[in-house]
2 protein chains.
Amino acid sequence: MITDNSCGPSKYICYKLSRVMRKLYRYYESNLSTYGITPSQFYVLTVVWENDGLKFKELAKRLEMDGSTLTSILDRMERQDLVERRDDPEDRRSLLVCLKEKARANILEITNLAEKMDQEIKERFSREEYAIFEKVLESLFQD
Amino acid sequence: MITDNSCGPSKYICYKLSRVMRKLYRYYESNLSTYGITPSQFYVLTVVWENDGLKFKELAKRLEMDGSTLTSILDRMERQDLVERRDDPEDRRSLLVCLKEKARANILEITNLAEKMDQEIKERFSREEYAIFEKVLESLFQD
DNA sequence: TACCATTAATTGTAGTACCAACAAAATGGA
DNA sequence: TCCATTTTGTTGGTACTACAATTAATGGTA
């Protein structure tokens with residue numbers, strides 16, 4: 001058991017999930033630190049890589065992330081010269097998010113690393129077990 | 001799929017887990033807000049309720065939480081008069097964490113609410129599915 | 001044209017999380 | 001007894017997350 005299942009918060013699914021999440025996040029974090037990025041920044045890169053120059057609003061939507069959260073992540077990424085905010089010529093309220101050279105140069109390597117990490121995790125379970133795990137996650141994500 | 005599985009970060013398990021986590025956290029959060037506490041504060045209460053006056057260090061260990069995180073959570077809980085830090089008569093470096101009346105008065109009701117939320121989640125899956133889900137979580141938590 | 005509701009992004013605030021550095025206290029060996 | 005080491009909790013710094021309030025621009029309508 002994650003800890004003693006008979007007491008404490010360890011019986012609550014929300015608690016379990018948060019602990020596993022932290023663990024997995026740190027695993028990604030330590031591996032991605034080679035490239036000076038965090039897991040959340042990596043998620044941003046994958047979307048911008050596939051849709052360079054997309055609107056801030058659209059980026060936040062695809063990342064299922066509040067706009068204010070994305071603002072602070074982009075602030076850091078811009079400081080690190082990974083991405084750039086550009087004015088949207090069609091709407092002065094809107095921003096376009098663009099990949100910069102520094103990110104473009106590493107994105108494939110980073111993606112390979114992330115896929116390798118995922119593969120290592122999946123390999124620890126049977127195909128059926130992992131499918132059920134993902135199905136339950138999927139269902140928890142709805143409503 | 002959580003979003004389109006063919007692109008973006010949604011294929012990475014760490015991303016999926018973080019999104020599901022947030023969703024579940026907000027579900028707990030909105031329900032617990034009746035009692036003016038957050039999910040994390042609830043976790044603290046469950047441990048202190050079962051071990052009133054336990055050491056700060058031991059509390060952090062049982063919550064699998066960094067000491068500095070617990071410090072800030074206890075700061076807020078002390079301000080809300082839910083718990084109290086007391087000196088440890090046996091070790092002047094150490095602190096004992098004690099439940100206060102305000103928390104004691106509601107803890108059973110809160111626990112029932114949390115168990116009801118968990119029950120509602122579990123009911124959406126077969127016993128086998130949920131067992132496999134927990135087994136995978138368990139395994140991800142190790143190493 | 002002037003007004004107003006809507007939309008886009010940022011700022012402020014709060015909570016969670018962790019690491020490094022710190023101060024105070026305990027401990028243990030010389 | 002003395003001093004180095006370890007332990008304990010806090011502080012400071014950074015990051016991620018979201019909600020509420022704000023600012024700026026848009027777009028429709030009276």
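Numbers restart at 1 for each chain; the letters A, B, ... are given by sequence-line order, proteins then strands.
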(message) Counting C-beta onward and ignoring hydrogens, is there a side-chain heavy-atom pair between A:T38 and A:Y25 closer than 4.5 Å?
(response) yes
(request) With DNA chain C as reference, determine whether B:T69 or B:R79 sits nearer its 5' end, using the nearest nucleotide of each. (result) B:R79
(request) Please figure out whether A:R22 or A:L74 has its closest DNA chain C nucleotide nearer the 5' end. (result) A:L74
(request) Please tell me which of A:R92 and A:T38 maps to the more 5' nucleotide of DNA chain D, matching each residue to the nucleotide holding its nearest heavy atom. (result) A:T38
(request) Check whether the side chains of B:Y15 and A:E64 place a donor and an acceptor atom closer than 3.5 Å, and report yes or no. (result) yes
(request) Please confirm whether B:Y12 and A:F42 have ring centers closer than 6.0 angstrom. (result) yes
(request) Indicate whether the side chain of A:Y27 and that of A:E120 have a donor and an acceptor atom separated by less than 3.5 Å. (result) yes
(request) Give B:L70 one of three labels, base, sugar-phosphate or nothing, depending on what nucleic acid heavy atoms sit under 4.0 Å from its own. (result) nothing
(message) Would you say that A:K55 contacts A:L59 through its side chain, given a criterion of any heavy-atom pair below 4.5 Å between the two side chains?
(response) no
(message) With heavy-atom distances below 4.5 Å as the criterion, would you say the side chains of A:L70 and A:V44 are in contact?
(response) yes
(request) Name the nucleic acid region contacted by A:S94, choosing base, sugar-phosphate or nothing; use a 4.0 angstrom heavy-atom cut-off, strictly under. (result) sugar-phosphate
(message) For chain A and DNA chain D, what are the first and last nucleotides along the strand, 5' to 3', with at least one atom under 4.0 angstrom from a heavy atom of the protein chain?
(response) D:dA15 to D:dT26
(message) For a quick check of understanding: with a heavy-atom distance under 4.0 Å over all strands, which category does A:S72 fall into, base, sugar-phosphate or nothing?
(response) base
(message) Is the shortest side-chain heavy-atom distance between A:F56 and A:L74 below 4.5 Å?
(response) yes
(request) Could you list where the contact with chain B starts and ends along DNA chain C, reading 5' to 3', using a 4.0 Å heavy-atom cut-off? (result) C:dG15 to C:dA26
(message) Looking at B:F141, I'd like to know if the NZ or CZ of A:K16 sits under 6.0 Å from its six-membered ring centre while staying within 45 degrees of the ring's axis.
(response) no
